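Since the structure comes first, as structure tokens, the remarks are kept for the end.
Worth saying up front: this structure is predicted, and the values here are computed from it rather than measured.
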Amino acid sequence: MSEERSLNFLEEIIEEDLSNGKHGGRILTRFPPEPNGYLHIGHAKSICLNFGIARKYNGKTNLRFDDTNPSTEDVEYVDSIREDIKWLGFEWEKELYSSDYFDKLYDFAMSLIRMGLAYVDDSTAEEIAAAKGSPTEPGRPTPYRSRSIEENIALFEEMKSGKYPDGAKVLRAKIDLASPNMHLRDPLMYRIKHAHHHRTGDKWCIYPMYDFAHGQSDAIEEITHSICTLEFVPHRPLYEWFIEHLNLFPSRQYEFARLNINYTVMSKRKLLQLVNEKYVTGWDDPRMPTISGLRRRGYTPLSIRNFAERIGVAKRENLIDLSLLEFCIREDLNKTAWRRMVVMDPVKLIISNYPEGQIELMEGENNPEVEGGEGSRTIPFSSELWIERDDFMEEPAKKYFRLGPGLMVRLKHAYIIQCERFVKDETGKISEIYCTYIPESRSGSDTSGINVKGTIHWVSAAGAKTAEIRLYDRLFRVEDPSNEEGDFKEYINPDSLSVISSAIIEPDLINAEQGRGYQFIRKGYFTLDVDSSPEKPVFNRTVTLKDAWAREVKKG
RNA sequence: UGCCCGAUAGUAUAAUGGUAGUACGACUGUUUUUGGUGCAGUUUGUCUAGGUUCGAAUCCUGGUCGGGCAACCA
């Protein structure tokens, strides 16, 4: 293992355990999603942590679906979770389900009852909540706390057999109603839920609570390091209480701070609202921070893994700059994306000294970052071209390196041109720009000796194809929507999506492949969307390029 | 006003009693047939008040601030 990067606190714990010979040097972690939604980038952090730590220390990682609440869970989610983890580049040792352990868990509950450490309570949810007291006042026992062991056994069996309706009874651990830790005030172990489970069907009508399932599941699998997020810190004493009293394998729980990124939200509940209330088109909307959304947006597994590595792991609350995620995807795509030319806001450019009707085939390397360019494609050139409207200024600003009356630029992969004149339509909008080209300046065999400051992209008008382009921006207008007054949805960015219905694309882009990143030169990184058809390609903008000129303009 | 967790540049994250460093961002310069990339550089920080110590970001005490905990959710 490389020691270049310093260890995070979890790696320190593990190295210490390893040097103490704990568990015979065996490391087994687990990733335990509840299949009630799609995975998001926060889960990606956890996945990279759990799988990454195991990989680093020659251990393994189980995938365990924490499916103890049938009313919120579904196989649709199981499938998407599996796909997302694989896509991120990780392989699990075993695929398991908390529901695999329902029989064992039931037996565990019975033994606790026999030890006098659990009881059936007939109180309503409200009564139990009221009797729990408050953080500053101790709780009181309900009348059912003193039931005999025999009665509890009989009642719990009846609960299991389906004799009672939902909510009629619960099974609680008998711990300490005065504990300063609310989680220890006789927590619920089982509730009655006559619901169909996506794996166990109708076999059960009682289901264990998280606290009675998670630690024991870890112990059954002999998980050595059970890594979860900070909100479970107060649950840890309970996790240990069950393991201790049931005399199980001593799995240990460790907690880290969950990921937050600015200008988005990161809770399944909120993401579900965005989907259900149609603020986005689905879980995989490219604006969503879900793994499937990021994938569709054009993010690569490597960029997300690198991101997870760079943000680090600690126990303090954090709000990561979106710019770091963007840096990570640019870093990867810069090295892998194929360059293409696309004009999004076109204006006609006519080269008056180039033979009308002539077509010349230019060559453009696919990837200048790689030796050999990963091959090349041909780009037709002719006397009529489309260029970007903002690559021309009637009255050029200072430090403007593009076209303007009398100015010269290079057409990427082609010739240097000089602007002669321009024409406006009746609305005052520039409709045509006339230039002359310098024949000796052809790209690759330039003998003109002329140096120009600017290079612009273009597409030949003859035979030009079009595509729909979807430009995405941050989903929210504020950095931390969850911490603002009122409903977080009030802070949605109304301009998070803008569509260019017919951008002009160079001919080769008709052959664009699904899953590949493209850099539209000077514009950004793009990828083909699933909505594409052969007649109508659709591209998603993954991220813009850094734009020093835009910053210059902004500064005034 | 109980218990628990935390506090280092704008944002993250190191330094584990001995030179406060790294990344992103921002800014400068340089290279460039992408105002991209690359390269070089600049910028900004230990919450606070005490204590221990030759020496404290680090250990101790008080305070302040932020977060979590009283779902038949996970």
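To the nearest angstrom, P of B/A12 lies 16 Å from CD of A/Glu326. Regarding A/Asp218, its CG atom lies at a distance of 15 Å from the P atom of B/A74, rounded to whole Å. Atom CD1 of A/Ile417 and atom C1' of B/U33 are 13 Å apart (whole Å). Between A/Leu322 atom CG and B/G25 atom P the separation is 12 Å, expressed in whole Å. One atom, CG of A/Asn334, and another, P of B/U37, lie 7 Å apart when rounded to the nearest Å. In this structure, A/Asn367 places its CG atom 13 Å from P of B/G38, rounding to the nearest Å. Note: CZ (A/Arg316) to C1' (B/U46) measures 11 Å, nearest angstrom. Atom-to-atom, CD of A/Glu127 to P of B/A71 comes out at 15 Å; the value is rounded to the nearest Å.
Here, B/A70 and B/A12 have their P atoms 26 Å apart, quoted to the whole Å. A distance of about 34 Å separates the C1' atoms of B/C3 and B/A20, rounded to the whole Å. Comparing the same atom, C1', in B/U19 and in B/A57 gives a spacing of 14 Å after rounding to whole Å. The same atom, C1', is picked in B/C59 and in B/G18; the two are 15 Å apart, to the nearest Å. Spacing of P atoms, B/U52 relative to B/G45, comes out at 29 Å, to the nearest Å. Here the separation of B/U48 from B/U43, taken at their P atoms, is 22 Å to the nearest Å. To the nearest whole angstrom, the two C1' atoms, one in B/G67 and one in B/U28, are 39 Å apart. Taking atom C1' in both B/G35 and B/U8, the straight-line distance is 36 Å, to the nearest Å.
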(request) Tell me, with the steps shown, if A/Glu331 and A/Ser303 meet side chain to side chain contact (heavy atoms under 4.5 Å, CB included). (result) CA-CA 8 Å; A/Glu331 180 188 43; A/Ser303 69; over 6 Å; no
(message) Run A/His214 and A/Tyr210 through ring pair (Phe, Tyr, Trp, His ring centres under 6.0 Å) and show every step you take.
(response) CA-CA 6 Å; A/His214 204 99; A/Tyr210 165 86; 4.9 Å; yes
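At a threshold of 4.0 Å, the pair A/Asp508-A/Arg340 counts as salt-bridged, since one of the basic side-chain nitrogens sits closer than that to a carboxylate oxygen. A salt bridge links A/Arg64 to A/Glu221: at least one charged side-chain nitrogen sits closer than 4.0 Å to a carboxylate oxygen. Using a cutoff of 4.0 Å between basic side-chain nitrogens and carboxylate oxygens, A/Glu137 and A/Lys132 are not scored as salt-bridged. Using a 4.0 Å cut-off between charged nitrogen and carboxylate oxygen, A/Asp122 and A/Arg147 count as a salt-bridge pair. In summary, A/Arg339 and A/Glu365 do not engage in a salt bridge, as defined by a charged side-chain N under 4.0 Å from a carboxylate O. Remark: A/Arg252 does not engage A/Asp218 in a salt bridge, criterion side-chain N to carboxylate O under 4.0 Å.
A/Gln519 comes within 4.0 angstrom of a nucleotide base, judged by non-hydrogen atoms across all strands. Note on A/Phe232: a base of the nucleic acid sits closer than 4.0 angstrom, heavy atoms only. Counting non-hydrogen atoms under 4.0 angstrom, A/Val313 reaches the backbone sugars and phosphates but no base. Within the nucleic acid shown, A/Ser123 comes within 4.0 Å of at least one base atom, counting heavy atoms only. Looking at heavy-atom distances under 4.0 Å, A/Ile521 makes contact with a base. Using a 4.0 Å heavy-atom cutoff across all strands shown, A/His183 reaches sugar-phosphate atoms only and no base atom. Nucleic acid contact for A/Leu188: base, since at least one base atom lies under 4.0 Å from a heavy atom of the residue. The residue A/Phe9 sits apart from the nucleic acid: no heavy atom pair falls under 4.0 Å. Residue-level contact check: A/Val233 touches the backbone only, with heavy atoms under 4.0 Å from sugar-phosphate atoms and none from bases. The residue A/Pro32 sits apart from the nucleic acid: no heavy atom pair falls under 4.0 Å. Across all strands, A/Lys193 comes closer than 4.0 Å only to sugar-phosphate atoms, never to a base (heavy-atom distances). Residue contacts for A/Gly524: at a heavy-atom cut-off of 4.0 Å it reaches no nucleic acid atom on any strand shown. A/Ala314 comes within 4.0 angstrom of the backbone, heavy atoms only, and of no base. The residue A/Leu319 sits close only to the backbone: its heavy atoms come under 4.0 Å of sugar-phosphate atoms, none of a base.
Partner assigned to B/G66 is B/C5, using Watson-Crick or G-U wobble distances below 3.5 angstrom. Base pairing of B/A40 is made with B/U28, judged by Watson-Crick or G-U wobble geometry with both donor-acceptor distances under 3.5 Å. Nucleotide B/U53 forms a pair with no other nucleotide shown, judged by Watson-Crick or G-U wobble geometry with both contacts under 3.5 Å. Both distances falling under 3.5 Å, in either a Watson-Crick or a G-U wobble arrangement, occur for no nucleotide opposite B/G17.
A sub-4.0 Å separation between OP1 or OP2 of B/C73 and a side-chain N or O of A/Arg191 is present. Taking 4.0 angstrom as the limit, A/Ser71 places none of its side-chain polar atoms (N or O) nearer than this to OP1 or OP2 of B/C73. Phosphate contact (OP1/OP2 of B/C27, side-chain N/O of A/Arg551, threshold under 4.0 Å): present. Within the 4.0 Å cut-off from OP1 or OP2 of B/G2, not a single side-chain nitrogen or oxygen of A/Arg185 is found.
Counting distance only, with no hydrogens placed and no angle test, the side-chain atoms of A/Ser443 and the base atoms of B/U33 include a donor-acceptor pair under 3.5 Å. Residue-to-nucleotide contacts include no donor-acceptor pair under 3.5 Å from the side chain of A/Arg310 to the base of B/U13. Remark: the A/Arg402 side chain and the B/G35 base include a donor-acceptor N/O pair separated by less than 3.5 Å. Residue A/Glu479 places no side-chain atom within donor-acceptor reach of the base of B/G10, judged by atom type and a 3.5 Å distance cut-off alone. Judged by atom type and distance alone, A/Arg522 does not reach the base of B/U34 through any side-chain donor-acceptor pair under 3.5 Å.
When each of A/Arg442 and A/Tyr190 is assigned the nucleotide of RNA chain B with its nearest heavy atom, A/Arg442 is the one assigned upstream, toward the 5' end. When each of A/Asn451 and A/Ile311 is assigned the nucleotide of RNA chain B with its nearest heavy atom, A/Ile311 is the one assigned upstream, toward the 5' end.
Contact annotation: the side chain of A/Arg474 never approaches that of A/Thr264 to less than 4.5 Å [non-hydrogen atoms, C-beta and beyond].
In the set B/A74, B/C72, B/U33, B/A74 carries the atom at the smallest distance from any side-chain atom of A/Asn69. Counting only heavy atoms from C-beta on, A/Glu317 has its side chain closest to B/G67 among B/U33, B/G67, B/A70. The side chain of A/Thr68 approaches B/A74 more closely than any other nucleotide in the set B/U33, B/A74, B/A70. Closest to the A/Ala129 side chain, of the nucleotides B/G35, B/G2, B/A71, is B/A71.
Under the stacking criterion of a centre-to-centre distance below 5.5 angstrom and an interplanar angle below 30°, A/Phe327 is not stacked against the six-membered ring of B/G25. Under the stacking criterion of a centre-to-centre distance below 5.5 angstrom and an interplanar angle below 30°, A/Trp549 sits stacked against the six-membered ring of B/G35.
For A/Phe520 and A/Phe526, the gap between ring centers is short of 6.0 Å.
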